[in-house]
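One is the number of the first residue; the rest follow in order along the sequence. Order of appearance sets the numbers: ligands from 1, and atoms from 1 within every ligand.
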Amino acid sequence: MVHLSVVVPCFDESEVIDAFHTALVGALEPTGVTFEVAYVDDGSTDRTVDRLRGLAATDARVRFTSFSRNFGKESALLAGMRMARGEVVVLMDADLQHPPALLPRMLELHRHGYDQVIAQRDRTGEGPVRAALSRAYYRLVRRFMDVEIADGAGDFRLLSRRAVDSLLSLPESNRFSKGLFSWIGFDTVSFRYENVERAAGRSKWGGRRLLNYGIDGLLSFNSRPLRLAIHTGLWLFLSALLYALWIIANALLDGVDTPGYATLITAIVGLSGIQLATLGVIGEYVGRIYHESKRRPHYIVRETERSAVVHPDHRHVPDVVLEPAGRARPKP
Ligand code: UDP
Ligand code: MG
């Protein structure tokens, strides 16, 4: 029975994975806890899987799951949590931006009874634009979301078994884990550490991907954007009504004398803009319902440490061959 499971999503991390593993083992062995490392290869296109196979072959504490394609970090975290067998689970990045040296401290805080221990990074060494944008985003999120999300509180965290089980019991397919972590509750404590640069390789989060991630976060936790659309619509209706009354009163009092098309155009353009935006918001929710209703799995597994065969070319050969009639017979 292992005490600690470390879950590590990896996407194209072949350059750092060995260094990461060495650092991790170096940080954990002195603490004396029994641990396992659950690597999840998120459909890497480089040699990450080879590195993982190598690690699993030399270190019995290493397990891994490899996806059939890139399913995203959220899916990788989910797969890792499903693999984890420990009483305590730690989620961390493979690029050494989440320093393994902090693990003993996190374990210590967990021993004091906390179900979630968050290592919160500051924004040292980050570009001023990105830092400002993220801060603005978190302000927005705090206003509009029903769950509490702190700036810099990412996925580097320790979860107790019951916290993990609660997370795994949430069935939604559009997973925004920052929100889910906060939604499940339990006693949470956080401490700050200085942000570190990625050890090697490059970040997979460009501007566009971050923007989409942000929208996901805002939409997946409430229907307040819809509410906002309704409010705007109501206010516009009210002002249009007042305006119409004013025009009628004006015409009754001193006849028509101003051309109306300028106001008309303004009103039409303004209103269509708002309608389009509202439709977009509604469409986004409908899309999410459609997506959820398909009940697709979050990821497809290509290989695990148990299925890993020595010769990679034979990986996809099934154990049984289907006859045309559909009856299975053992492979010759
Ligand atoms: N990652 C992943 N799937 C993805 C993108 C990223 O599993 O589609 C992993 C990546 O290998 C790393 C972690 O998520 O371990 C954080 O990614 P990255 O360092 O690129 O993000 P950043 O630190 O720049 O926010
Ligand atoms: Mg990183």
Between G72 and ligand 1, is there a nitrogen or oxygen pair with a distance under 3.5 Å?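 Between G72 and ligand 1 (N or O atoms, distance only) the closest approach is not under 3.5 Å.
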
Are any of the N/O atoms in A76 less than 3.5 Å from those in ligand 1?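 Not met; the criterion fails.
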
Salt-bridge contact [X]-[Y] (side-chain N to carboxylate O under 4.0 Å):
X	Y	result
D165	R162	no
R105	E108	no
E305	R53	no
R302	D41	no
E29	R61	yes

For ligand 1, which atoms sit closer than 4.0 Å to a heavy atom of [X]?
X	result
D42	2 (C), 3 (N), 4 (C), 7 (O), 8 (O)
Q97	19 (O), 22 (P), 23 (O)
P9	7 (O), 9 (C), 10 (C), 11 (O), 12 (C), 15 (O)
E13	10 (C), 11 (O), 12 (C), 15 (O)

Classify the angle between the aromatic ring planes of Y39 and H21 as parallel (below 30°), tilted (30 to 60°) or perpendicular (above 60°). tilted

Can you name the N/O/S atom of D95 that is nearest the Mg ion (ligand 2)?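 Minimum-distance N/O/S atom of D95 relative to the Mg ion (ligand 2) is OD2.
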
Below a 4.0 angstrom heavy-atom separation, can you tell me which part of V40, side chain or backbone, both or neither, approaches ligand 1?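 Neither; nothing of V40 gets under 4.0 Å from ligand 1.
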
